[in-house]
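The figures here come from the full heavy-atom set of this structure, side chains too, leaving out hydrogens, waters and symmetry mates. Everything numeric here is computed off the predicted structure, so don't read it as measured data. Just follow the structure's listing: the first ligand is 1, and inside any ligand the first atom is 1.
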Amino acid sequence: MGNYFQPEIETASREKIIEIQNEKIVKQVKHVYENVAYYRNLMDEKGVKPEDIKTIDDIKKLPFLSKADLRDAYPYGLLGTDLKDCVRIQSTSGTTGRRVVAFYTQKDIDLWEECCARAIVAAGGTNEDVCQVCYGYGLFTGGPGLNGGSHKVGCLTLPMSSGNTDRQIQFMMDLGSTIICCTPSYAAFIGESLKEKGYKPSDNKLKAGIFGAEPWTEEMRKQIEESLGIKAYDIYGLTETSGPGVSFECEEQTGMHINEDHFYAEIIDPETGEVLPDGEVGELVFTSLDKEAFPLLRYRTRDLCVLTRKPCSCGRTHVKMSKPKGRSDDMLIIRGVNVFPSQIETVLLNEGYAPNYLIKVGRENNTDTLDVDVELLPEQFSDKVSDIQAKEKALEGAMRTMLGIGPKIHLVPPKSIARSEGKAVRVIDTRKLHD
Ligand code: ADP
Ligand code: ZN
């Protein structure tokens, strides 16, 4: 049995959780209808009134919100309170287009930080820990969210932000960091840098890492755990719902518990909008049940995953989501075949390569092309062209088996692919430039 930050909520019975959700949704829909004209119009168009929402099940009657709505309503169109009641903004990374700006009241910040605190405690954090936060600070939610959570747990917090890896390592060693929070790609880079400096995994005091903000595979988890000598936990969130901490992994490491007292999750068919049962893959939709300033109802995340309510050995009762496979718009369609960057990463790590790669999609003579630059580890590097060619062929074969189509592999020298300190850019799709 694990430790909990808020045991009465995190291990509440299903009946209790539903009771909380029923109570909060009625209030929240009323709040949104009265204060957010943009959403009121959507409800009116659909012919739904706040009185129609009596329980959480009635949520199905409400209209969806999409990223396009958020862009339309930029910057103040979805604000649910007076601006004078807001104390902060944060903004998306703009990975897939124009940035979204989210607003927070002090209560919203507290709620968000509590969610992050639950994640830190689930990873074994206590007030005796030294928590090194190397997510970016600023508009990006990663740094501020985990920083706030770390304070709430009472850890000694190192607000490092991302980058300056030499300094990260120096502080980690000198101050004996026990928990590290960053993107998985940056964690892999820190592991690589520690090794280069001659440190063994047992030389640091780290015990856990809390990694999120981008998709990562189980293979990547294994690699990071070995290189840093830690247990690596996933954390998920998005600016639109507050930031990291919407869901987090417990010691079972089989999916992330969604903080259901604050965020109601649904899985829908992305084509039809129909709600799918637990266990089926679809697009994750979130309703924030008690946020004041930016209270999104039925927001379509475009993240694809599965929900499960099987009991968890940690004792938490909240629904679990699988690792998102990637966003629906991360999926590449190459010569008619669906390819996720995460599948390519799985093959690379299984074949003994490091997670340093760049996927390049293009079009030649009206046919899609798929090239993958893959970095060699120093010990894999060879001057013999025939050795390299044989390795490339072997990797192409393994990729074909996994993906159903064969990419062209280019093995490149160690250190030749740029490392990421935040969210990694893994794909360059030049087809979009021509469309
Ligand atoms: P942007 O959409 O510009 O990247 P955010 O910084 O708010 O803005 O990122 C939120 C998105 O990041 C999520 O919708 C999801 O696609 C991705 N993400 C966050 N955490 C994870 C995670 N643990 N695993 C996979 N993807 C994640
Ligand atoms: Zn659990």
- Answer with yes or no whether the side chains of Thr165 and Tyr186 bring together a donor and an acceptor at under 3.5 Å. yes
- Message: Restricting to under 2.8 Å, identify the protein N, O or S atoms around the Zn ion (ligand 2) as residue plus atom.
- Response: Cys250 SG, His257 NE2, Cys312 SG, Cys314 SG
- For Pro324, the ligand 1 atoms whose distance to one of its heavy atoms is below 4.0 Å: 24 (N), 25 (C)
- Query: For residues Asn147 and Tyr137, is any side-chain donor paired with an opposing acceptor at under 3.5 Å?
  - Reply: yes
- Under 4.0 Å from one or more heavy atoms of Thr239, ligand 1 contributes atoms 5 (P), 6 (O), 7 (O)
- Could you please spell out the steps behind the side chain to side chain donor-acceptor pair (under 3.5 Å) verdict for Asp108 and Thr105? CA-CA 5 Å; Asp108 294 336; Thr105 61; 3.2 Å; yes
- Between Tyr135 and Ile210, the two heavy atoms sitting closest are OH-O, 3.1 Å
- Part of Ile235 within contact of ligand 1 (heavy atoms, under 4.0 Å): backbone
- Which of the numbered atoms in ligand 1 are below 4.0 angstrom from a heavy atom of Asp234? 22 (C), 23 (N)
- Query: Does any donor atom in the side chain of Asp129 or Thr178 lie under 3.5 Å from an acceptor atom in the other side chain?
  - Reply: yes
- Message: Below the 3.5 angstrom mark, is there an N/O of Gly212, backbone or side chain, next to an N/O of ligand 1?
- Response: no
- Message: For Phe171, is the CZ atom crowded, meaning more than 12 foreign heavy atoms sit under 6.0 Å from it?
- Response: no
- Message: Does Arg118 qualify as a cation-pi partner of Phe5, given the criterion of NZ or CZ under 6.0 Å from the six-membered ring centre and within 45 degrees of its axis?
- Response: no
- Lys423 to ligand 1: N or O pair under 3.5 Å? yes
- Message: If we only consider heavy atoms of Lys323, is any one of them less than 4.0 Å away from an atom in ligand 1?
- Response: no
- Query: Taking the inter-plane angle between the rings of Tyr76 and Phe103 on a 0 to 90° scale, is it parallel (under 30°), tilted (30 to 60°) or perpendicular (over 60°)?
  - Reply: tilted
- Message: Looking only at the side chains, is there a donor atom on one of Gln90 and Arg88 sitting less than 3.5 Å from an acceptor on the other?
- Response: yes
- Could you tell me whether Asp303 approaches ligand 1 through its side chain, its backbone, both or neither, with non-hydrogen atoms closer than 4.0 Å? side chain
- Compare every heavy atom of Gln132 with every heavy atom of Ser177, then report the nearest pair and how far apart it is. OG-OE1, 2.7 Å
- Message: Check this for me - ligand 1, Lys67, N or O atoms closer than 3.5 angstrom, yes or no?
- Response: yes
